[in-house]
Amino acid sequence: MDQGRVVEAFRREARQLAQAMAGVSAAEWCLPTRCAPWNVGELLAHVRVVVAWLPGMLSASAPVRAEVSAVEYYRPDDRFAADTNAARIALAQDHAATRLNGSALADDFNSTWQQVDRLCRSEPEGRVVRTRHGDPMLLSEFLLTRVVEVAVHGLDLADALGREPWLTSPAADLVQELLLGPDGAATVEKLGWDQLRFLRKATGREPISEEEASDVSRLGIRWLTLG
């Protein structure tokens, strides 16, 4: 995966999310999301937390070589176990609770993604990092997982707020490619879906009928474990 392409997609998607969150009213921060038990503020705090792992990863010594791809990162192991998910939920709630209001949450996310963007742009192609789970990954591959977080949870936040999705094309294309490979557009066309509908169904944001599930199986599609 081209590092520059991923960095640019991250920049555009994170900036779009930050702009959308800047217009959230005081009451809207407490609206529920599909990512229960998080409300809008707590879900944004989660996105901020998962993006904020990067500065520490980039300041640490680089592993000798990458051993895990973005697809392999989503393998169904203990990182998606019940206790890990519980800790993930609590971490976001704790972070949200430390901010005085929703505006502070939005400002915090805005400064965090910009810092990550600056750091990633200064790294050479082929930079290797180690995740908090211990995975040695190319920066481009790990940052791709952050694009997934910002893009997919952006859909969750837009839905919770009753807004049209602000998903950017570069991020949507990368997530689709992660899920289906470089020829994903042809697969989506065979399913009879547009890209947004595919991404919603593939990430559990929209239900799949039995007939659609049969088509998915026939085409040999296997969803990733996204938590």
Side-chain angles (χ1 to χ4, degrees), residues 1 3 6-22 24 29 33 35 37-63 66 68 70 73-74 79-80 83-123 127-157 160 166-168 170-171 174-175 178 226-227:
M1 181 65 67
Q3 186 169 302
V6 182
V7 172
E8 180 63 15
F10 171 79
R11 181 184 68 84
R12 292 182 62 175
E13 188 66 21
R15 181 176 61 188
Q16 195 76 4
L17 174 57
Q19 290 174 347
M21 293 297 98
V24 174
W29 286 108
T33 72
C35 302
W38 288 327
N39 59 27
V40 167
E42 291 164 343
L43 181 53
L44 181 63
H46 165 69
V47 179
R48 185 270 180 194
V49 166
V50 300
V51 168
W53 295 119
L54 271 153
M57 292 165 60
L58 291 171
S59 66
S61 299
V68 176
Y73 176 86
Y74 289 108
R79 76 195 61 202
F80 297 108
D83 57 344
T84 307
N85 280 328
R88 187 179 293 118
I89 289 169
L91 185 59
Q93 291 174 325
D94 290 346
H95 182 75
T98 64
R99 299 301 179 267
L100 295 177
N101 51 45
S103 179
L105 278 170
D107 290 344
D108 186 29
F109 173 73
N110 194 38
S111 61
T112 299
W113 83 257
Q114 291 185 50
Q115 178 195 19
V116 168
D117 177 60
R118 288 193 300 270
L119 291 172
C120 289
R121 286 180 182 277
S122 68
E123 293 293 333
R127 173 70 153 92
V128 181
V129 295
R130 188 178 301 280
T131 74
R132 69 190 183 96
H133 301 292
D135 295 324
M137 298 179 69
L138 288 171
L139 172 60
S140 59
E141 293 288 304
F142 181 74
L143 189 60
L144 175 53
T145 70
R146 304 306 90 176
V147 173
V148 172
E149 293 280 350
V150 178
V152 171
H153 286 314
L155 293 177
D156 297 329
L157 288 164
W166 50 75
L167 181 66
T168 63
L174 279 181
V175 178
L178 172 68
L226 297 176

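As a basis for the values below, the full set of heavy atoms in this structure was taken, side chains included, without hydrogen atoms, waters or symmetry mates. One is the number of the first residue; the rest follow in order along the sequence.
In terms of modelled atom types and a separation under 3.5 Å, the side chain of Thr33 and the main chain of Asp156 share no donor-acceptor contact. Between the Glu42 side chain and the Asn39 main chain, a donor and an acceptor come within less than 3.5 Å of each other.
Here the CG atom belonging to Leu178 is positioned 7.0 Å from the CE atom belonging to Met1, to the nearest 0.5 angstrom. Interatomic distance, Tyr73 OH to Glu141 CD, rounded to the nearest 0.5 Å: 12.5 Å. Between Asp117 atom CG and Arg15 atom CZ the span is 9.0 Å, to the nearest 0.5 Å. Interatomic distance, Met137 CE to Leu143 CG, rounded to the nearest 0.5 Å: 10.0 Å. Of the inter-residue distances, the one linking Ile89 atom CD1 with Asp94 atom CG reads 12.0 Å to the nearest 0.5 angstrom. Atom CD of Gln115 and atom SG of Cys120 lie 10.0 Å apart (nearest 0.5 Å).
Closest approach of Arg130 and Pro136 over heavy atoms only: NH1-CG, 3.7 Å. The nearest pair of heavy atoms linking Arg127 to Gln3 is N-OE1, 3.9 Å. Nearest heavy-atom pair across Ser103 and Trp29 is N-NE1, 4.0 Å. Annotation for Leu138 and Ala66: closest pair N-CB, 3.6 Å, computed over non-hydrogen atoms. Closest approach of Trp166 and Gln16 over heavy atoms only: O-CG, 3.3 Å. When all heavy atoms are compared, the tightest approach of Trp38 to Ala92 is NE1-CB, 3.5 Å.
Residues meeting the side chain to side chain contact (heavy atoms under 4.5 Å, CB included) test with Ala9, sequence neighbours left out: Pro170, Leu174.
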**Asked** Given the rule in the side-chain contact (heavy atoms from CB on, under 4.5 Å) test, do Arg118 and Arg121 qualify, once you have shown the distances and angles that lead to the verdict?
**Response** CA-CA 5 Å; Arg118 288 193 300 270; Arg121 286 180 182 277; 6.0 Å; no
**Message:** Could you go through Trp113 and Leu17, starting from their C-alpha distance and side-chain angles, then the distance that decides it, and tell me whether this counts as side-chain contact (heavy atoms from CB on, under 4.5 Å)?
**Reply:** CA-CA 10 Å; Trp113 83 257; Leu17 174 57; over 6 Å; no
With a cut-off of 3.5 Å and sequence neighbours excluded, list every side-chain donor-acceptor pair involving residues 44-62.
from	atom 1	to	atom 2	distance (Å)
His46	NE2	Glu149	OE1	3.3
Arg48	NE	Asp108	OD2	3.2
Arg48	NE	Thr112	OG1	3.2
Ser59	OG	Pro55	O	3.4
Ser59	OG	Gly56	O	2.9

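Side-chain contact between Thr131 and Phe142: present, with at least one pair of heavy atoms (C-beta onward) separated by less than 4.5 Å. A 4.5 Å side-chain heavy-atom check between Leu157 and Met21 finds at least one atom pair inside the cut-off.
For Arg12, the CZ atom counts as loosely surrounded, since its 6.0 Å shell holds 12 or fewer non-hydrogen atoms of other residues, nucleotides or ligands.
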